[in-house]
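Each residue takes its place number in the sequence, starting with 1. Just follow the structure's listing: the first ligand is 1, and inside any ligand the first atom is 1.
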Amino acid sequence: MTAKIYYEDPHIGTFDATVLSCEKDKDAYALILDRTAFFPEEGGQCCDRGTIDGCEVLHVSIKNGVITHTVDTPFVPGSTVHGELDLKLRFDNEQQHSGEHILSGLAHSLYGCTNVGFRLAPDYTTLDFDRPLSAEQLLDLEKRANEVVYRDLPVKCSFPSAEELAVLDYRSKIELSGDVRIVEIPGVDICACCAPHVDSTGLIGMIKIIKHEAWKGGVRLTILCGKRALMYFGKALSTLDSLTKLCSAGPDALPEAVNALLQKSLKAEADKNKAETLLLEHLLKSGIEKLQKEPASADEDRDKAPLILFTSAMDTRNIRNAINSVASGHAGILAVFAEQDGSMNFIASSTSGGLKAITDTLRKELGAKCGGNDTMIQGTVSASKEDILRCFGA
Ligand SMILES: [Zn+2]
């Protein structure tokens, strides 16, 4: 088992150790030392980072008490090495993890919640409770957690004896065996935990719940503590500043200003759809009238002649609505081709059928992508107007 310096001296930044083994593992090396200050990825918390003899430590893991450092350089067994921790990252992790203990301890004592999940990622922390909490309860929880920070209570870490543990009421009791490390924030939380923590709650800084969502019958919270919370609010304020400038409204008036813009945009969209549909209806009706006025030859039936319109880009829903509203006035094919990004979206309708054969021709001769039935088809094609008219026999 690797000697864990982070328990003897939780804030040590440098240490010397002896290399026990260093074996190639895929593209890297698995380095095992007799002692280390690097906390491994364990209990939902990401590992420490830093260097060993100037080489970056890529990952740190633990198995059966043996800690493995993943490095990209081989080390000689028996040699002495010098480790240096990224203490900024360590402190960041400590702020998040200690903040999580406060929230979990309070949620347990106030609302009977059990923490059933914890993940301390490089940029966020999530914790899962086994029962739901209302928005009011979460606000209360956050307020009380921050009051624990203001009181600057000590965070005590210890390894009680089996007898002491037997009578101690602490969280995570059933999940652990062997040496159990207890982390206590007096009057707030007692929990079994293997990770490094801040020395006192004042070092955590702000505890902020930034998101809550339903999770397996309970609730998942995403939280930020300390410097992460500060950075988040800096970014959020910058976004807010941009929005207030864009909307020419103060922060408090933003929801109203954005809603007004949204309503205006929805009305403009509705007006455009109405105008497009009316225009197409007019063009189709005029085309039908013109067809019917043309003198028919002996073998032609003007009522069944195809009417094909070409337009600029239009919403396919508007094309469909316009065709449907005039379809009963013409027994032949009605089709609208609307240009869109170099190709044409189209819809064709025919109350007397015949579109299945047209679909086959469009696919075969022009590579059109289309589908539908014998009386209505929709699709896309890249072809000249002449070629399209030819496929419709127009
Ligand atoms: Zn913990």
Aromatic ring proximity, centroids under 6.0 angstrom, F159 and Y7: yes

Enumerate the residue pairs fulfilling salt bridge (Lys or Arg N to Asp or Glu O under 4.0 Å) with a member in residues 307-316, sequence neighbours excluded, ordered by first and then second residue. D315-R317

Please check if the side chain of S104 supplies one atom and the backbone of H101 the other of a donor-acceptor pair under 3.5 Å. no

Could you pull out all donor-acceptor pairs under 3.5 Å where a side-chain atom in residues 149-156 meets a protein atom, sequence neighbours excluded?
{"unit_1": "D152", "atom_1": "OD1", "unit_2": "S200", "atom_2": "OG", "d": "2.6"}
{"unit_1": "D152", "atom_1": "OD1", "unit_2": "G202", "atom_2": "N", "d": "2.8"}

Under the side chain to side chain donor-acceptor pair (under 3.5 Å) test, residues paired with T36 that sit two or more places apart: H69

Counting only protein N/O/S, how many atoms fall short of 2.8 Å from the Zn ion (ligand 1)? 3

So, the side chain of R181 versus the backbone of C193: is there a donor-acceptor pair under 3.5 Å, distance only? yes

